[in-house]
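Chain letters run A, B, ... following the sequence lines, proteins first and then strands; every chain starts at 1.
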Amino acid sequence: MCPDLIFLDSSTLAHVNYTPMIMRLSDLNPAQHDAATSTEGPLLVLAGAGSGKTRVLTHRIAHIVENGLASPHQILAITFTNKSASEMKHRLAQLCAAKSRAMWVMTFHAMCVRMLRAHSDLIGFDRSFTIYDADDSKRMIKEVMKSIGLDEKRYPVPGIASRVSLAKNELIGPAELASSAVTPIDKAAAKVFARYKRRMRDSNAMDFDDLLVETHTLLTSCPEALEAYQERFIYIMVDEYQDTNHAQYRIVNLLASKRRNLMVVGDDDQSIYSWRGADISNILEFEKDYPEAAVVRLEQNYRSSATILAAANAVVANNSGRKPKTLWTANAGGESITRYRAEDERDEGRFIASEIERLLRDENRGYSDFAIFYRTNAQSRVIEDALLRSGTPYQIVGGTKFFERAEIRDVMAYLKVMVNAADEISLKRIINKPRRGIGKTTVERLEAEAISRAEPFEAVLRRCAAGEYGSGPAAKVGPFVELLDELRASAAATLRDQIEAAIERTGLIGELQSENTFESSGRIENIREFLGVVDEYASARAFSEEEAPVGLPGFMEWLALRSDLDSVAEGSETVTLMTIHTAKGLEFPVVFIAGLEDSIFPHANSMFDSSGLEEERRLAYVAITRARERLYLTHARSRSLYGTTNYNAPSRFIAEIPQEHLSGGFVTPPKTAVRTPVAGAQYLTGEVVEHKVFGVGVIVDVAGEKVTVDFKGLGRKNLLKDFAPLRKVQTGGSD
DNA sequence: TGGTTTAGAGTTTTT
DNA sequence: CTCTAAACCA
């Protein structure tokens, strides 16, 4: 997908000459070599940050194949992200060429989907089941709550959803959750869970958690299936083991229990997803589960300067219950860490922007050398603002997501309904999009009818279209049902043609065109961009496995399991902004960690219990260890958040770094760094402009100092008209 | 039914 | 402060 990316996380690249096509175990240090060649029996690899674990994993797999210990299709390597899966695949392709194709190198969820599709009949789902994302899942929970009369005010949907999700991650079912429920909200969650489960099954849909739960069910209730996989996978490897939840842990154990050639790689100090059900004890207690396990520690860090590593070590040393390990490096001491105490968050942004400009000049660096991390997304705004003022090109990773846009979700809902007629949530989403006069009351009546008849929603729609509920609704619903039939019957030469024709036929674009506003033209643009995603899929699929489903169902599966992170444009010369969670697994020469204040980082909600605080500390450890050469820690004396100003103490994590590694504290930013603003420009709504970072966009609104610009593919941005690096574009259209 | 207004909520989010 | 979603009115 992004060939340039292959080595991005290759922490070892700096010291080893990587030679494609030739596997050289001699390139590994003794511990790495040990981990790569200890193939028989269980193995726990404790891999510190930047210690070359991906390198070990790929060399180990290559070693297994080269020595004929197993053939490629008998190897299973599980990762957490698509990004690390594709990185590993690329590296394997270079190490052992075509043989890597038959291997299962994929995420947990992708593995589950593959198993579930192969055996869907055994677990009572149709092969064409839909994967619901968090938004679909929340809608379903909402519907369930409405149907049993639970008040959303008293029982907030996110609270119910997270309880259900955590239960699933623990492999706890509705009945068990009900029996352990004490508080009203827990009782409500258990009630919702039971019905949710039923409705999901009726809709032939699974959410992300269900993929794990159902796979576990499959493997425990169908011994033949389990045995087949146990026989097949001679060697199993799991990356980021510290982030496995209980369901994942059980699935791995089931698969590995026969041959016991299980290698898990992880770092307990980098466990930062416990709030999502990740269970750190899975790694801490691996040796209890597998008493015969060998343990290898990768303790040499190849990434960071000695100073940065010392700071990271010092911070994380304050946590208790860690696996004992000391990360060391042969790298030079390097620059001391710069601490900057800003007056407020604007000053903080200004400092970061000016330091970037200074290093760019004095150290001859490029923009892509820099990354800015923050604890919460809300912090990015002010930093963006400062970067815009200084004319620094940047990209935000995470943030507003293309696939969360309403118009994209609408298109996807149509496609889901085409694949899976039982998908009620998607059906309800599109029933009145574009507007066809089917309002809330009609939908509610049809829904009640569906429940009382115990029929699928679409069946009731067909009754309605046939006139069972009068001619008025029939006239509205009839054309919709016809549309569905047509979409499902459509045949086209290519997937792209099929989807393009479907979008056209739905009338979504037609409605947006008749709106004829700048916003609607942006939405049309987004829908067109969606077709680009189809092409992206086609090319991604072109050089991957043949076992995966093809056509529209294959595309929908790929869409459901992909993430926005996959499409991050890494080749571009920009500063990168992201949350610390997103930064895990990446590295940059220069790193800024912003907002190091108590109640921001550590976050107020996690500050007052020790497990929460320890996870925040691990987050700090992850953030610090992303830096190769230079590290900046910034905090602000005052910070306004949600309209109120707070005075936060500097983060306790700063105090945990030995003073000899810190410099500054009161660095004054040079004022000269701020670029001359392009003051005085007048913009009118509808004008086309070009932005240094965001590209071409249309002015949607002008209000005082601010202009709102709708950028192609990026959506709307509020910019300061006198500072933003904007330039008027002569032509009328933005194609 | 559909547009407008107002009320409330706002850590982190690999899939 | 700023975005989203439910209530409200035409």
Side-chain angles (χ1 to χ4, degrees), chain A residues 78-86 106-113 131-135 137-139 142 146 152-153 156-159 161-162 165 169 206-212 239-240 242-245 247-248 270-278 345 373-379 381-382 397-401 403-404 406 432 435-443 472-473 476 515 557-566 568 578-586 595 599-607 612 615-616 618-619 622-623 639-645 706 716 718:
Chain A
I78 307 171
T79 65
F80 270 77
T81 63
N82 294 312
K83 200 170 181 174
S84 49
S86 59
M106 57 184 78
T107 64
F108 260 109
H109 295 265
M111 176 187 80
C112 290
V113 171
I131 301 167
Y132 275 3
D133 64 17
D135 187 83
S137 163
K138 286 233 171 80
R139 280 168 191 261
K142 247 180 186 172
K146 207 163 66 186
E152 277 185 40
K153 294 268 153 53
V157 176
S162 85
S165 172
N169 289 158
M206 296 192 209
D207 63 27
F208 286 126
D209 302 321
D210 294 333
L211 295 176
L212 302 173
D239 195 11
E240 306 278 17
Q242 77 281 351
D243 286 332
T244 46
N245 59 39
Q248 290 164 331
Q270 292 189 65
S271 161
I272 55 173
Y273 284 104
S274 74
W275 50 276
R276 269 185 42 169
E345 73 276 10
F373 302 154
Y374 33 81
R375 178 65 179 82
T376 66
N377 282 310
Q379 288 167 255
R381 252 195 145 78
V382 201
V397 182
T400 341
K401 291 164 182 152
F403 294 96
E404 280 173 18
N432 199 30
R435 283 185 206 102
R436 43 178 79 87
I438 307 175
K440 209 165 71 182
T441 38
T442 312
V443 173
K476 305 272 175 67
E515 260 184 54
E557 179 178 313
W558 178 82
L559 263 188
L561 296 178
R562 67 173 260 115
S563 83
D564 292 298
L565 287 180
D566 302 340
V568 173
M578 59 183 129
T579 65
I580 301 167
H581 283 89
T582 311
K584 195 170 128 184
L586 304 177
S599 87
I600 301 285
F601 188 21
H603 195 272
N605 297 358
S606 313
M607 232 166 70
E615 180 143 321
E616 296 286 308
R618 290 192 292 271
L619 206 47
V622 167
R639 181 177 299 271
S640 45
L641 189 64
Y642 308 140
T644 51
T645 303
K706 283 188 171 177
R716 292 155 144 240
N718 292 311

Please check this pair: side chain of A/D135 against backbone of A/E404, looking for a donor-acceptor N/O pair closer than 3.5 Å. no
Check the geometry between A/W275 and B/dT11 and answer yes if their rings are stacked (centres below 5.5 Å, planes below 30°), otherwise no. no
What's the closest nucleotide to the side chain of A/H603 if the choices are B/dT14, B/dT11, B/dG3? B/dT11
Atom-pair distance (NZ on A/K138; P on B/dT13), nearest Å: 13 Å
Closest-nucleotide ordering on DNA chain B, the 5'-leading residue of A/K153 and A/K476: A/K476
A/E404 CD - C/dA5 C1' separation (whole Å): 15 Å
To the side chain of A/T81, which of B/dT13, B/dT14, B/dG3 is closest? B/dT14
Pi stacking test for A/H109 and B/dT15: under 5.5 Å apart, planes under 30°: no
With nearest nucleotide decided by heavy atoms, which residue, A/F108 or A/R435, maps closer to the 5′ end of DNA chain B? A/R435
Any side-chain N or O of A/R436 less than 4.0 Å from the OP1 or OP2 oxygen of B/dT1? no
As a test of your reading of the structure, name each stem of DNA chain B as range with range, where a stem is three or more consecutive Watson-Crick or G-U pairs at under 3.5 Å. B:1-10 with C:1-10
Is the distance from OP1 or OP2 of B/dT15 to the nearest side-chain N or O of A/N82 less than 4.0 Å? yes
Test your reading of the model: is there a side-chain donor-acceptor pair from A/D207 to the backbone of A/D133, 3.5 Å cut-off? no
Side-chain N or O of A/Y273 closer than 4.0 Å to phosphate OP1/OP2 of B/dT11: no
For B/dT13, take OP1 and OP2 only and decide whether either is under 4.0 Å from a side-chain N or O of A/T579. yes
Send over the distance from A/R139 CZ to C/dA5 P, rounded to a whole Å. 8 Å
Would you mind telling me which of C/dC3, B/dT15, B/dT1 lies closest to the side-chain atoms of A/R381? C/dC3
Would you kindly give the CG-to-C1' distance between A/N432 and B/dT1, to the nearest whole Å? 9 Å
Are A/M607 and A/E616 side-chain neighbours, meaning at least one heavy-atom pair lies under 4.5 Å? no
Per atom distances to the A/R375 side chain, the nearest of B/dG2, B/dT14, B/dT12 is B/dT12
Does A/A161 offer a backbone N or O that forms a donor-acceptor pair with the side chain of A/S165 under 3.5 Å? no
Is any side-chain N or O of A/N605 closer than 4.0 Å to OP1 or OP2 of B/dG10? no
For B/dT13, take OP1 and OP2 only and decide whether either is under 4.0 Å from a side-chain N or O of A/N377. yes
Can you confirm whether A/D243 sits close enough to A/K584 that some side-chain heavy atom of one is under 4.5 Å from a side-chain heavy atom of the other? yes
Which part of the nucleic acid, if any, lies within contact of A/Q379, taking any heavy atom under 4.0 Å across all strands shown: a base, the sugar-phosphate backbone alone, or nothing? nothing
How many whole angstroms separate atom CE of A/M578 from atom C1' of B/dT13? 15 Å
Mind calculating the distance between NE2 (A/H581) and C1' (B/dT15) to the nearest angstrom? 15 Å
Is there side-chain contact between A/Y374 and A/T579, with heavy atoms separated by less than 4.5 Å? yes
Compare side-chain N and O positions of A/S606 against OP1 and OP2 of B/dT12 and report whether any pair is under 4.0 Å apart. no
Given 3.5 Å as the limit, does a donor-acceptor pair link the side chain of A/D209 with the main chain of A/N169, or not? no
Examine C/dA6: is either OP1 or OP2 under 4.0 Å from a nitrogen or oxygen in the side chain of A/K142? Give yes or no. yes
Separation of atom CD1 in A/I600 from atom P in B/dT12, rounded to whole Å: 11 Å
Checking the side chain of A/E615 only, and the main-chain atoms of A/S274 only, is there a donor and an acceptor separated by less than 3.5 Å? yes
For the side chain of A/F208, starting at C-beta, report the closest nucleotide among B/dT15, B/dG2, B/dT11. B/dT15
When you match A/K440 and A/D135 each to their closest nucleotide on DNA chain C, which lands nearer the 5' end? A/D135
Glycosidic conformation of B/dT11, taking syn as within 90° of 0 and anti otherwise: syn
Check whether any side-chain N or O of A/Q248 sits under 3.5 Å from a backbone N or O of A/L212 as a donor-acceptor pair, and report yes or no. no
Report yes if at least one side-chain N or O of A/T441 is closer than 4.0 Å to OP1 or OP2 of B/dT1; otherwise report no. yes
Measure CD/A/E152 against P/C/dA7 and give the value in whole Å, please. 8 Å
